[in-house]
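Labels below follow one simple rule: chain letters A, B, ... track the order of the sequence lines, proteins then strands, and each chain is numbered from 1. Keep in mind that this is a model prediction, so the values were computed, not measured.
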Amino acid sequence: MTDTDLILSAKGMTKQFAGFMAVNNVDLNVRRGTIHALIGPNGAGKTTCFNLLTKFLQPTAGSITFNGRDITTLAASEIARLGMVRSFQISAVFPKLTVLENVRVALQRRRGHNFDFWRAQTVLGQFNAEAMRRVEEVGLADFAHHTADELSYGRKRALEIATTLALEPEMLLLDEPMAGMAQADVERISELIKRISANRTILMVEHNLSVVADLSNTITVLARGQVLAEGDYATISNDERVIEAYIGVGHD
Amino acid sequence: MTDQTLMDTVETPSAGRPTPLGIPRLHLAICAALVAFFIIGPFFLYPVFLMKVMCFVLFACAFNLLLGYGGLLSFGHAAFFGSASYVSAHAAKAWGLTPELSILLGTGSAALLGLVIGALAIRRQGIYFAMVTLAFAQMVYFVSLQAPFTGGEDGIQAVPRNMLFGLIDISSDNALYAFVFVIVFACLFLIYRIIHSPFGQVLKAIRENEARSVSLGYRVNRYKLAVFVMSTTLAGTAGATKALVFQLASLTDVHWAMSGEVVLMALLGGMHTVFGPIVGAAIIVTMQNYFATFGAWVTVLQGTIFVVAVLLFREGIVGVLGKWLKKPL
């Protein structure tokens, strides 16, 4: 594996909260163009890892490289500008904006006009066609003019993905995209993730193991803030330590 | 709503179809009514009272730009209102500057003060942000009390109404009224434009979900600082104008009670509305003026109204109206 194969890599990443090691010396390598899943029991440090990688938290020790560039000390907003955009466990939409406006906020960031306070916002109309295309892409065309808080949970997640895709990121970090979702929605979002993974790298935290098995190329298992095992689904699901971590000692 | 043409530029949910200016009809109608009211007003009401209303309307709208659209509760806006009023009063009295220059100078000093205080305060959020702004405002109050040019307890009195542009006499109440009217409505239009601009759209996104805005790559602190300075600048214009109207800059203008009053105006009218602060300011100023004979009871009445407003209509008067009409006001 050469270095250019790796889009995101963390070395010795550690986060300590007031004496508690949330993430302890984690090495993580994500290969370009793959879907990489991060799994582990509750409290394993998956979300903390996410926050560290996207710089919403500052690591206590270790270094993070994205596309060959050291991003360890960058601000969270700069990470997004480099092409790595994250989602959140609680669906991150702008509730009082319409679906179309939600997507447009992302387009606007990429295209400018952000500080234009003297112009009427009708200039943003130039983004409507592209925003609409993104909205259609995730199957929300009928809801384009509804405010985001009127959407069902699954649709909010779809909107979140549409907004993220509007930035055309090289890499997506999805934090539990299926959490609390109805089965029909799970299949829809699963399909969507598969579709958008072309030419992109995706790192996701997910509890739904059938989704993980179905989607991911590589799986990293975390437990108590440390990497327990790594490999494809077959390797992971037969690993003694992983079974023990999930089900407990004494399982045969 | 879904039967709407998908590609048009309507801001939905919208207040009616937009006109070529990009302003919904309903908003245009309300603006026209406001303009008409303040043009006809002096024929029926005391002009100085109406000028006071206009100054506080501007102050409340400037404040609400920060609270309602920036999502930042400043508890020290009197510092900007008051310091601008001192600067413009001093400029007019001691240096004999023309009214437009005095107001510009006052506005500029509020902008500068806003830049300094804002750069420090926006690093904190919620109640801590409010406390930091309050702390700075108390420092400004102390300076106003002690500095040699502010006149201490007396303030700066008998501020002259100099010739506008050095040419036009605005010493009569009616001439001054026209001057104040132009300033206030120009600033109100600017605030309306800021709220409904691409920049305003980013502000709303940050207010709605700051973490998500960051994850989309927005450097949120720059936007917060920008809106903070815009708000303090316009609050400064209100204070500077007020000093010329009353020919007085005093400690009342920088006192923390003034900061509280403007919060009350915004909340009473409706902080997530464009027109709410106008209504809120008008109500509070009217009460203070016409119930002045009740003395301390005005404060009690204000408190009661505030409690009732918070309990019964949390979105404020205009907020409730907007909900009722199902249109943003």
Side-chain angles (χ1 to χ4, degrees), chain A residues 54-56 75-83 85-88 90-98 100-102 104-106 108-110 112-126 128-129 132 135-136 141-149 160 163-164 166-167 169 173, chain B residues 1-14 18-24 65 68-71 189-223 225-227 229-231 233 272 328:
Chain A
T54 50
K55 308 315 314 294
F56 274 75
S77 58
E78 305 312 304
I79 302 297
R81 286 164 178 256
L82 290 175
V85 180
R86 69 167 296 178
S87 74
F88 294 83
I90 299 155
S91 68
V93 294
F94 304 113
K96 294 289 174 207
L97 303 186
T98 67
L100 195 69
E101 284 171 337
N102 262 272
R104 225 169 49 181
V105 167
Q108 194 188 342
R109 209 282 285 144
R110 206 154 52 85
H113 295 304
N114 299 330
F115 278 98
D116 294 7
F117 64 84
W118 58 91
R119 285 180 183 218
Q121 65 185 1
T122 41
V123 300
L124 295 175
Q126 59 181 303
N128 282 4
M132 199 59 215
V135 168
E136 278 165 2
D142 289 347
F143 302 92
H145 295 287
H146 288 248
T147 54
D149 56 2
E160 196 184 338
T163 309
T164 305
L167 290 175
L173 277 78
Chain B
M1 232 189 277
T2 45
D3 56 4
Q4 226 161 355
T5 334
L6 295 175
M7 292 303 155
D8 67 9
T9 55
V10 177
E11 295 308 318
T12 44
S14 77
T19 56
L21 278 169
I23 302 172
L65 177 62
Y69 296 91
F189 176 75
L190 179 62
I191 292 173
Y192 185 92
R193 184 33 76 76
I194 293 171
I195 291 171
H196 299 95
S197 70
F199 171 77
Q201 190 74 10
V202 177
L203 284 183
K204 277 172 219 161
I206 294 172
R207 181 194 73 192
E208 295 279 295
N209 195 333
E210 185 171 336
R212 180 54 168 165
S213 307
V214 171
S215 85
L216 291 178
Y218 282 108
R219 294 158 176 156
V220 298
N221 276 357
R222 295 190 190 185
Y223 293 88
L225 182 58
V227 72
V229 174
M230 286 176 197
S231 173
T233 305
H272 289 315

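With chain B as partner, the option from Arg109(A), Arg110(A), Glu78(A) having the largest number of non-hydrogen pairs under 4.5 angstrom is Arg109(A). Taking chain B as the reference chain and counting heavy-atom pairs below 4.5 Å, the highest number among Ser87(A), Ala148(A), Ala166(A), Ala92(A) is found for Ala92(A). Each of Ala106(A), Pro95(A), Ala76(A) has some count of heavy-atom pairs under 4.5 Å with chain B, and the biggest count is that of Pro95(A). In terms of non-hydrogen atom pairs under 4.5 Å with chain B, the most contact-rich of Asn102(A), Ile79(A), Thr163(A), Thr54(A) is Thr163(A).
Listed for the Gln201(B) side chain is no donor-acceptor partner under 3.5 Å among the backbone atoms of Gln121(A). A donor-acceptor pair under 3.5 Å is formed between the side chain of Arg193(B) and the backbone N or O of Trp118(A). Checked by atom type and distance alone, the side chain of Arg104(A) never pairs as donor or acceptor with a backbone atom of Asn128(A) at under 3.5 Å. Proximity of a side-chain donor or acceptor of Arg212(B) to a complementary backbone N or O of Val93(A) within less than 3.5 Å is not detected.
Heavy-atom distances place the side chain of Ala226(B), and not its backbone, under 4.5 Å from chain A. The parts of Phe115(A) that come within reach of chain B are both its backbone and its side chain, each placing non-hydrogen atoms under 4.5 angstrom from that chain. Residue Val123(A) touches chain B through its side chain alone, counting heavy-atom pairs closer than 4.5 Å. In this structure, chain B has no heavy atom under 4.5 Å from any part of Val135(A). Using a 4.5 Å cut-off between heavy atoms, Glu160(A) touches chain B through backbone and side chain atoms alike.
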Apply side-chain contact (heavy atoms from CB on, under 4.5 Å) to Tyr69(B) and Val227(B), showing your working.
CA-CA 9 Å; Tyr69(B) 296 91; Val227(B) 72; 5.9 Å; no
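Side-chain contact between Asn209(B) and Phe88(A) is absent, with no heavy-atom pair separated by less than 4.5 Å.
Within the cation-pi definition used here (under 6.0 Å to the ring centroid, within 45° of the axis), Arg219(B) does not qualify as a partner of Tyr223(B).
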